[in-house]
Amino acid sequence: MQSKHCVYPGSFDPVTCGHINIIERASALFAEVRVAVLDNPEKTKAFTVQERMDMLQTACAHLSNVRVDSFSGLLVDYMKQSGAGIVVRGLRSAGDFEVEFQMAQMNRQLYTAIDSIFLMTEPQYAHISSSMVRQVAAFGGDISAFVPAGVQAQVIKRFRNE
Ligand code: PNS
């Protein structure tokens with residue numbers, strides 16, 4: 001299968017500058033990038049799926065070939081349905097590699113027509129994760145270096161319980 005578009009799946013709770021860097025680079029490599037937010041009702045998130053999608057939409061407004069979507073259930077089923085052949089994921093550390101290696105193998109065993117490709121983080125984003133952002137925001141810390149400018153206010157507001 002020739003892949004003109006890729007899927008970048010994740011929780012994005014919330015989107016970080018590291019995610020946006022991966023999306024920008026994928027957008028230069030593929031005709032279309034579909035950013036797919038996992039909708040998992042079993043896991044409590046800080047932001048609803050719609051809020052996470054809206055924040056991604058805002059942060060990706062400068063990228064004309066990026067679409068934001070959501071999925072539930074298995075990623076491979078979403079891939080089959082969307083006709084995409086490539087999963088893009090970012091790698092920040094050896095720890096990420098362990099997890100991603102297993103996930104990629106599992107996905108490929110479930111659906112051999114897909115491949116996963118990995119983009120190494122830019123060093124300035126290597127320590128950033130959504131969970132760290134939530135923690136810093138919860139204690140009133142400065143998240144401006146970690147979260148795209150257009151969504152900072154929304155993240156801060158959520159953690160002020162407004
Ligand atoms: O941002 P995250 O939380 O690291 O993203 C993980 C995600 C959403 C890509 C992964 O959990 C996923 O694909 N979940 C869907 C369920 C699935 O397909 N599981 C089998 C592969 S391990």
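Fair warning: this is a prediction, and the values are worked out from it, not measured in the lab. Every number for a ligand or one of its atoms is a count from 1 in the order of the listing.
- Atom 10 (C) of ligand 1 has as its closest protein heavy atom Met103 SD, 4.0 Å.
- Of the N or O atoms in Ser11, one or more lie within a sub-3.5 Å distance of an N or O in ligand 1.
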Open item on the list: Using the rule given for side-chain hydrogen bond (donor to acceptor under 3.5 Å, both in side chains), can you reason through Asp77 versus Tyr111, listing the C-alpha separation, both sets of side-chain angles and the distance that settles it, and then say yes or no?
Closed with: CA-CA 9 Å; Asp77 289 335; Tyr111 181 34; over 6 Å; no

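- At least one heavy atom of Gly73 sits under 4.0 Å from some atom of ligand 1.
- When Leu74, Val7, Asn107 are checked for heavy-atom proximity to atom 21 (C) of ligand 1, Asn107 turns out nearest.
- For atom 7 (C) of ligand 1, the nearest non-hydrogen atom from the set Arg89, His19, Lys43 belongs to Arg89.
- Under 4.0 angstrom from ligand 1, the non-hydrogen atoms of Leu75 come from both its backbone and its side chain.
- Side-chain N/O atoms of Ser27 and Asn65 include a donor and acceptor closer than 3.5 Å.
- From the protein, the heavy atom lying nearest to atom 14 (N) of ligand 1 is Leu38 CD2, 3.8 Å.
- Inside a 4.0 Å radius of atom 16 (C) of ligand 1 there is at least one protein heavy atom.
- Neither the backbone nor the side chain of Gln102 comes within contact range of ligand 1; no heavy atom lies under 4.0 Å.
- Note on ring orientation: taking the six-membered ring where Trp is involved, the planes of Phe12 and Tyr8 are perpendicular (angle over 60°, cut-offs 30° and 60°).
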